[in-house]
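Contents: one structure, followed by commentary.
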Amino acid sequence: MTVKGASRRACVVGVGHTEFSKNSGRSTNRLAFEAITAAATDAGIQPAQIDGLVPFVYGPGAEDVMAMFDLRDVRFTAVPHLGGAGSVAAIRLAAMAIESGAADIAATYVARNGRSGARIDKRVLALPGQALRQELEWVNGMNTPAQWYSLICRRHMHEFGTSREALGTIALTMRSNAQRNGNAQMLGRTLTMPEYLDAPIIADPYRLFDCSLETDGACAVILTSADRARDCFAPPVAVIGAAEGHPDSADDIANRPDFFDTGLTKAAPRALSEAGITHSDVDVALIYDCFTFEVIQQLEEAGFCGRGEGGPFVLDGNISPGGSLPVNPHGGLLSEGHVGGMNHVVEAVRQLRGTAGERQVAGAEVAVVTGWGDMGDGSIAALART
Amino acid sequence: VWIVFPPTGRLFTWTVIGRTTLPEFSGRTPYGVGVIELPELAVRVVGFLDHPPDELEVGMPLAWKVVANDRGEPRVRWASAKSDRRDA
């Protein structure tokens with residue numbers, strides 16, 4: 001963010017969510033209503049004060065939210081185009097709106113029936129590059145993100161020796177973390193390495209437990225300026241740096257000159273530079289774990305370890321709760337639930353407030369949240385307690 | 001302008017698809033799908049791999065042919081171009 005003055009610095013002041021389930025039994029508009037209401041209550045504002053809206057690319061739009069809350073003068077709307085990386089990109093857009101004065105109180109949200117409604121193979125029909133997808137990939141038997149990204153994972157295994165045990169360590173760490181989260185879909189369901197290794201093939205090397213959950217639910221996040229944040233209930237969490245990036249090319253994984261290039265490769269240095277922090281300043285990381293390998297790739301491309309070192313980094317225990325870089329204490333998309341990654345933002349805020357209960361990372365002052373979407377788009381935000 | 005693929009390429013990476021929602025392929029799981037390098041054209045293409053999934057290797061030479069699917073539509077299939085291929 002370009003901070004004109006400390007008083008206008010964008011801060012997260014409210015987070016809210018519904019329960020996460022396989023079948024919410026209600027509309028996505030209703031889920032959005034509940035999550036935004038919860039976030040407004042958390043912030044200590046009235047929903048009617050919201051004058052900026054940044055919806056997710058799929059789901060209830062800005063007009064839906066204006067209607068449900070009878071918002072009378074929304075001054076700013078925008079939708080980021082990064083698929084699942086859109087949640088963190090939305091935090092950036094909302095922060096830019098706050099810092100520029102385009103809005104005073106901005107809400108961003110994800111609401112979906114990702115299991116009982118449109119599942120992933122249907123949602124990706126809204127992706128860019130449909131002619132390429134349908135004419136060059138569907139005819140060859142490929143049509144889902146698990147299949148696309150497993151191609152990157154396989155090549156990484158070939159070049160760097162990344163092992164299934166490294167992927168399994170991510171799955172098991174997320175599952176273990178979820179046991180300390182009352183809202184996690186996988187609460188009470190343990191996972192062992194033999195169970196992980198023997199699971200049915202989805203898109204090898206991805207088997208069942210390499211894949212994130214398909215979730216019904218909603219999350220919302222409310223931001224305002226530092227001066228207004230003083231009137232809110234909870235301690236504000238500042239957005240100290242944020243960026244998005246897109247790989248070359250944006251819609252085709254197969255032909256990237258650098259096969260591991262992602263949007264995050266470009267975005268991470270921009271966000272950390274803006275925040276004025278280095279990797280060692282990060283106390284907790286929320287990494288978009290749509291599949292296990294994407295955690296390794298994003299740890300590498302964000303610079304938390306070198307390219308090719310992600311497997312050993314994970315196997316050495318660095319991402320566990322007591323490790324050098326605790327990752328996804330809530331259990332992540334793999335074991336808490338997949339709400340477009342907005343649940344990662346919610347968790348980062350709770351960690352920085354110090355209200356994460358038995359999964360609290362002691363003394364957490366700086367968090368990084370990443371997003372991954374579409375064919376490797378990337379986003380990243382650095383958040384700090386104030 | 002139509003450009004004909006060179007007769008062979010090399011397997012750059014692959015996946016084995018165990019579950020599919022594409023009706024054309026629902027009876028064929030598990031099957032391999034690869035990214036095939038065609039150095040002469042400086043391009044990589046996605047292709048269906050007509051080869052046992054547990055014998056796929058990065059770098060293996062592959063040759064393409066056009067076959068008809070169940071509806072008589074043309075489809076490209078890639079098979080091993082090794083002279084000692086075991087799946088012949």
Side-chain angles (χ1 to χ4, degrees), chain A residues 118-125 129 132-162 164 198-211 214 249 251-260 291 293 375, chain B residues 3 5 9-39 41-60 62 64-79:
Chain A
R119 297 182 67 177
I120 183 64
D121 64 308
K122 298 296 183 294
R123 292 201 303 276
V124 295
L125 294 175
L132 190 160
R133 301 277 91 72
Q134 298 185 19
E135 294 168 19
L136 296 179
E137 294 182 354
W138 287 21
V139 292
N140 294 307
M142 185 166 83
N143 71 326
T144 70
Q147 297 160 5
W148 307 330
Y149 307 158
S150 67
L151 296 168
I152 310 174
C153 178
R154 172 85 61 195
R155 184 71 194 183
H156 198 275
M157 293 170 118
H158 171 76
E159 288 197 24
F160 303 112
T162 306
R164 292 214 63 231
D198 292 341
I201 291 173
I202 303 299
D204 193 84
Y206 289 156
R207 294 179 180 238
L208 182 63
F209 299 116
D210 292 291
C211 303
E214 293 180 283
S249 69
D251 72 346
D252 181 20
I253 286 175
N255 280 289
R256 289 185 185 143
D258 176 347
F259 199 62
F260 302 109
F291 302 94
F293 170 70
M375 310 308 284
Chain B
I3 298 172
F5 285 176
R10 286 189 179 276
L11 188 58
F12 182 77
T13 184
W14 84 93
T15 182
V16 177
I17 294 177
R19 294 183 57 175
T20 182
T21 58
L22 293 169
E24 181 175 348
F25 296 89
S26 59
R28 307 194 65 155
T29 56
Y31 58 89
V33 172
V35 172
I36 299 127
E37 286 187 294
L38 305 174
L41 297 181
V43 71
R44 302 187 193 116
V45 297
V46 170
F48 183 96
L49 301 174
D50 189 8
H51 192 83
D54 56 356
E55 295 178 15
L56 294 165
E57 290 176 46
V58 168
M60 69 185 290
L62 296 164
W64 61 269
K65 60 182 176 182
V66 176
V67 301
N69 71 5
D70 292 344
R71 292 185 306 221
E73 298 159 332
R75 292 288 186 262
V76 177
R77 298 288 180 257
W78 294 85

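We name chains A, B, ... by the order of the sequence lines, and we start the count at 1 in each one.
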- [ ] Could you tell me which of B:Val45, B:Thr20, B:Val33 has the largest number of non-hydrogen atom pairs under 4.5 Å with chain A?
- [x] B:Val33
- [ ] Count the heavy-atom pairs under 4.5 Å between each of B:Arg19, B:Arg75, B:Arg77 and chain A, then report the option with the highest count.
- [x] B:Arg75
- [ ] Check each atom of A:Asp121 against the heavy atoms of chain B and say whether the ones under 4.5 Å are side chain, backbone, both or neither.
- [x] side chain
Open item on the list: Please rank A:Thr144, A:Ile202, A:Asp252 by heavy-atom pairs under 4.5 Å with chain B and give me the top one.
Closed with: A:Ile202
Open item on the list: Is the shortest side-chain heavy-atom distance between B:Val46 and A:Met142 below 4.5 Å?
Closed with: yes
Open item on the list: Please find the pair of heavy atoms, one from A:Arg155 and one from B:Phe12, that lie closest to each other, and give the distance.
Closed with: NH1-O, 2.9 Å
TODO: Could you tell me which portion of A:Tyr206 (side chain, backbone, both or neither) has an atom closer than 4.5 angstrom to a non-hydrogen atom of chain B?
DONE: neither
Open item on the list: With a 4.5 angstrom heavy-atom cut-off, is it the side chain or the backbone of A:Arg256 that approaches chain B, or both, or neither?
Closed with: backbone
TODO: Flag the one option from B:Gly47, B:Ala42, B:Pro53, B:Gly32 with the top tally of heavy-atom pairs under 4.5 Å to chain A.
DONE: B:Gly47
TODO: Side chain from CB out, backbone as N, CA, C, O: work out which of these in A:Leu136 comes under 4.5 Å of a heavy atom of chain B, or both, or neither.
DONE: backbone
- [ ] May I ask you to decide if B:Trp14's main-chain N or O and A:Arg154's side chain share a donor-acceptor pair within less than 3.5 Å?
- [x] yes
Task: Heavy-atom side-chain proximity of B:Thr13 to A:Ile152 below 4.5 angstrom - done: no
Task: Residues, nucleotides or ligands: over 12 heavy atoms within 6.0 Å of A:Phe260 CZ - done: yes
Open item on the list: Once rounded to the nearest 0.5 Å, what's the spacing between atom CG of A:Asn140 and atom CD1 of B:Ile17?
Closed with: 9.5 Å
Task: More than 12 heavy atoms of other groups within 6.0 Å of B:Asp70 CG - done: no
Task: side-chain contact (heavy atoms from CB on, under 4.5 Å), paired with B:Val35, selected from A:Asn255, A:Ile253, A:Leu151 - done: A:Leu151
- [ ] Mind ranking A:Ala254, A:Gly141, A:Ala203 by heavy-atom pairs under 4.5 Å with chain B and telling me who comes out on top?
- [x] A:Gly141
Open item on the list: If I measure from the heavy atoms of chain A, does B:Phe48 come under 4.5 Å with its side chain, its backbone, both, or neither?
Closed with: both
